Enquirer: 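The following block contains the structure, expressed as structure tokens.
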Protein chains: 2
Amino acid sequence: MTTRSTELLRVAHARPGVTRAEAARLLGVGTGAATEIVARLAQASLLAEAPAAPSGSRGRPTTLLVPHPTGPLVLAAAITHEAWRIDVVELGGNAVASVRGSHAGSDWAEVIAAVTAAISTLLPAYGERLRALGVSVPGTVSPDLRLDASSLGWHDVDLTTLWPGPVFVAGNDATLAAAAESARGAAQGAAMALHLRIEGGLGGAVVDHGRVLMGARGAGGEFGHMPFGDPAIICPCGARGCWGTAVDGTAMARRLGKPAPPDPVTYARRIIAAGSPVVAEVAAALGRGIAGLVNGLDADLVTLGGIGVDLLAAVPGELDAAYQAGLMKVHRASPPPIRPAALGDDGPIAGAGEEAWSRLLPELA
Amino acid sequence: MTTRSTELLRVAHARPGVTRAEAARLLGVGTGAATEIVARLAQASLLAEAPAAPSGSRGRPTTLLVPHPTGPLVLAAAITHEAWRIDVVELGGNAVASVRGSHAGSDWAEVIAAVTAAISTLLPAYGERLRALGVSVPGTVSPDLRLDASSLGWHDVDLTTLWPGPVFVAGNDATLAAAAESARGAAQGAAMALHLRIEGGLGGAVVDHGRVLMGARGAGGEFGHMPFGDPAIICPCGARGCWGTAVDGTAMARRLGKPAPPDPVTYARRIIAAGSPVVAEVAAALGRGIAGLVNGLDADLVTLGGIGVDLLAAVPGELDAAYQAGLMKVHRASPPPIRPAALGDDGPIAGAGEEAWSRLLPELA
DNA sequence: AGAATAAGCTCTGGATCAGAGTAAAAGGAG
DNA sequence: CTCCTTTTACTCTGATCCAGAGCTTATTCT
């Protein structure tokens, strides 16, 4: 429709349940224009108005901008190494339905069959209302939507078959989790947020004023492959001294003189719970690397996901000491805080929904 | 004025001398709208039309969009540790005048007096046409325009006294050089460009689709303080193992067992010219770090400034070997090229002009 | 009940631009 | 040289969007 309509929708999406008057103020339009724009969006089944709870103050009561009951919806999917989940997400980010399943094997054909079947079951229920798909995957996605997840044996997989429509986004789980944290989680309002997510490896993303940096080939945020680690250790990626080899479950096993565990995530959680002294060492390696990234990128906030949350909870002192020691003096006066991700394991699917909505909005208005 | 006017001005600035018809195509407007918008901008003394050179093909000859002869101008200033320079820049980036001087001492009061005096001499000549100032400085600039250049003893200096007008930008020299390389230099069109500049230390910037990441406190791109170096070496910044301590003139002196040189830049140039074996070692440290940044940020192009250009010219093989070895396998098939900066030492001042124009344009139209 | 307050609604006029049609300025063919 | 083709620029009409002023509505406070 028009620029203002898109902006209003964006506000309504970012802050579901805003009052109509506040949305008008945020857009910088007069009340006359607000009337017209809201009417147009309601006519197009994009927005609806609901009576607001009594504010207690004087004045004519305002209305809340809520998603239209028959308005467009977005599918958000998250595929992990062992399971998948699909949410139906309305404007504002609320999930109105959810389907999930697991896949023991890591055969891509099996995964895509299950996901495609699940999407097919949702199509009759929501029909034309489903307008976009966002997918989170445990690997990198090129700009032409091809997935590469080396550790799972998925190479150059074409994702476009998942969705026939024009609005389709796919991205790395850590990248999308970062987008979600910035939009609705612990990194709201940060000028330059850094998100780090330790699971099998270490991934993340940089978010500049709410915009996630995807990288030239969709592989942005692979901080695990920056050489903050021990140069003697060769990473499966082919380089040496990768930071990721110093902070995950495999690193803990190596420090304990044990063979690499088959499931580094649960292994790491067990070691952390056991209170092993290697936990502090790994946390220090994490803190030092975070400091390096903060120095280089001038982030003002760091959020941690996956095992990072457990490390932060278990040995906050060690992590913070290494972090402080690695910071430039200029940052030490007020070090950017390191916080656990607010969305937890829902980060990737929430981010998939966010990105799908973000791409759909300009098409609608 | 309006969005389209700003867009047209931006096109005319980015590609000085575009034909009017092509600009209309780039904006996606019809010829009718183009007539009206150009007329409006000409009326406001922002654009002028010049006859185009004969194209040799059929059709009514188009006109070129050029800066208006009495249109707005921008001041671009570059302050270094020993000299200063001010350019008067018209739309399109062309400098119509230039003043320069040097300051032997590093007393900020002296510097600001000289620069302020130079600006005063330019004011009567160009008067109201001067609408904005962009300044490049060898330090970090906070969002509230305070400069910190530790190595020169300039701490928390207020820059706002330099310019009375509302449109005033200031930034780090390496950051601004990156902006210039992306707008008009070797990094044009890159999706994610990385610029590195070695002088006294190592600075740079990340440029995502033409937008420079300034960081939360204006200290983005301090890659010299990421821990890619030897942890035994303590950096003046307070951290250990900073990459910057491994790649500049001071690093060369240390490897040669010499004391730190007073002027590391000329010292480094001399060592490189002499063909010392430490040059290859330093180039390798540079290449390895670049690989780490490319891995982490998924850059598709790297530009080098300052001593980096000399290193690249002197020992390209060593630099490239270390770069390749540090890249993840996925990047090795087509490694992002490492190129010398096209603008050379003019990068910072060109970037100051770019940023000033970029901020001024929306105010005009 | 009446004043005060905050918000929504209606109407007018101006700015912007898309689209269609027309005019202008060049090269090429005869 | 004249006419045709090609490309671009100009003119005109109508639709859309929205700012601003003034008015109406719904609520709380006194």
Side-chain angles (χ1 to χ4, degrees), chain A residues 1-12 15-66 68 361-365, chain B residues 1-12 15-66 68 361-365:
Chain A
M1 284 179 148
T2 170
T3 316
R4 288 273 194 254
S5 305
T6 307
E7 286 172 21
L8 184 60
L9 277 182
R10 209 172 277 283
V11 167
R15 312 167 61 158
V18 265
T19 67
R20 177 200 164 118
E22 188 177 2
R25 272 194 300 270
L26 288 170
L27 261 73
V29 302
T31 66
T35 297
E36 206 168 331
I37 296 168
V38 171
R40 222 161 40 224
L41 292 172
Q43 176 65 29
S45 294
L46 296 174
L47 269 189
E49 291 188 80
S55 68
S57 64
R58 290 183 183 183
R60 176 171 176 170
T62 183
T63 55
L64 303 182
L65 300 179
V66 296
H68 194 280
L361 284 178
E363 309 287 319
L364 296 174
Chain B
M1 285 177 148
T2 172
T3 315
R4 288 273 194 255
S5 306
T6 308
E7 286 172 21
L8 184 60
L9 275 183
R10 209 172 279 282
V11 167
R15 313 168 59 159
V18 263
T19 67
R20 177 198 166 119
E22 187 177 2
R25 273 194 299 269
L26 288 169
L27 261 72
V29 302
T31 66
T35 297
E36 207 168 333
I37 296 167
V38 170
R40 219 161 43 225
L41 292 172
Q43 175 65 30
S45 293
L46 295 173
L47 269 188
E49 293 188 80
S55 67
S57 63
R58 291 184 182 183
R60 176 170 175 171
T62 182
T63 56
L64 304 182
L65 301 178
V66 297
H68 194 281
L361 284 178
E363 308 287 319
L364 296 174

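All figures in this text were calculated on a predicted structure; none of them were measured in a lab. Below, chain A is the first sequence line, B the second, and so on; all start at residue 1. Basis for what follows: all heavy atoms, side chains included, without hydrogens, waters or symmetry-related copies.
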Enquirer: In whole angstroms, how far is the P atom of C/dT16 from the CD atom of B/Q43?
Expert: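 Computing the B/Q43:CD to C/dT16:P distance gives 13 Å.
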Enquirer: Please check the phosphate of C/dC9 (OP1 and OP2 only) for any side-chain N or O of A/T35 closer than 4.0 Å.
Expert: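 The answer is yes; a side-chain N or O of A/T35 sits under 4.0 Å from OP1 or OP2.
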Enquirer: Tell me the interatomic distance from B/E36, atom CD, to C/dG19, atom P, rounded to whole angstroms.
Expert: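 The distance from CD of B/E36 to P of C/dG19 comes to 15 Å, rounded to the nearest Å.
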Enquirer: Classify every nucleotide of nucleotides 21-30 of chain D by which part a protein heavy atom approaches to under 4.0 Å, writing B for the base, S for the sugar-phosphate alone and - for neither, in 5'-to-3' order.
Expert: ---BBBBBS-
Enquirer: Could you tell me how far apart B/R4 (CZ) and D/dC18 (C1') are, to the nearest whole angstrom?
Expert: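 So the CZ-C1' distance, B/R4 to D/dC18, works out to 17 Å.
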Enquirer: Measure the OG1-CG distance between B/T3 and B/L27 for me, rounded to the nearest 0.5 Å.
Expert: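 Atom-to-atom, B/T3:OG1 and B/L27:CG are 10.5 Å apart.
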Enquirer: Please list, in numerical order, the residues of residues 19-26 of chain A that have a heavy atom closer than 4.0 Å to any atom of DNA chain D.
Expert: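 Correct list: empty, so none.
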Enquirer: From A/R4 CZ over to A/E36 CD, what is the distance, rounded to the nearest 0.5 angstrom?
Expert: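 Result: 12.5 Å between the selected atoms.
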Enquirer: Distance check needed: C/dT16 P versus B/L27 CG, whole Å only.
Expert: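 My rounded result for the distance is 15 Å.
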Enquirer: What's the CD1-P distance between B/I37 and D/dC10, to the nearest Å?
Expert: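 Atom CD1 in B/I37 sits about 13 Å away from atom P in D/dC10.
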Enquirer: Which heavy atom of A/A34 sits nearest a heavy atom of A/V29, and at what distance?
Expert: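 Looks like N-CG2, 4.2 Å.
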Enquirer: Identify the two heavy atoms, one from A/V18 and one from A/A12, that lie closest to each other, and give their separation to 0.1 Å.
Expert: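 Answer, listing the atom of A/V18 first, then A/A12: CG2-CA, 4.2 Å.
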Enquirer: Taking atom CG of A/L41 and atom CG of A/L9, what is their separation to the nearest 0.5 Å?
Expert: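 A/L41 CG to A/L9 CG: 5.0 Å, rounded to 0.5 Å.
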Enquirer: Is it true that the side chains of A/T35 and A/R20 contain a donor and an acceptor less than 3.5 Å apart?
Expert: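 Result is yes, a qualifying pair exists.
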Enquirer: For D/dC17, does either OP1 or OP2 sit under 4.0 Å from a side-chain N or O belonging to A/R40?
Expert: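 True: A/R40 side-chain N/O within range (under 4.0 Å) of D/dC17 OP1/OP2.
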Enquirer: Heavy-atom distance under 4.5 Å between the side chains of B/H68 and B/L46, does that happen here?
Expert: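 In short, these two side chains do not touch, never coming nearer than 4.5 Å.
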Enquirer: Looking for any heavy atom pair under 4.0 Å, which part of the strands does B/T62 touch: base, sugar-phosphate only, or nothing?
Expert: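 It contacts sugar-phosphate atoms only.
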Enquirer: So which atom in A/E49 and which in A/L65 form the shortest heavy-atom distance, rounded to 0.1 Å?
Expert: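 Nearest heavy atoms, A/E49 then A/L65: CG-CD2, 4.1 Å.
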Enquirer: Counting distance only, does the side-chain N/O of B/T19 pair as donor-acceptor with the main-chain N or O of B/E22 below 3.5 Å?
Expert: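 Between the backbone of B/E22 and the side chain of B/T19 there is a qualifying donor-acceptor contact (under 3.5 Å).
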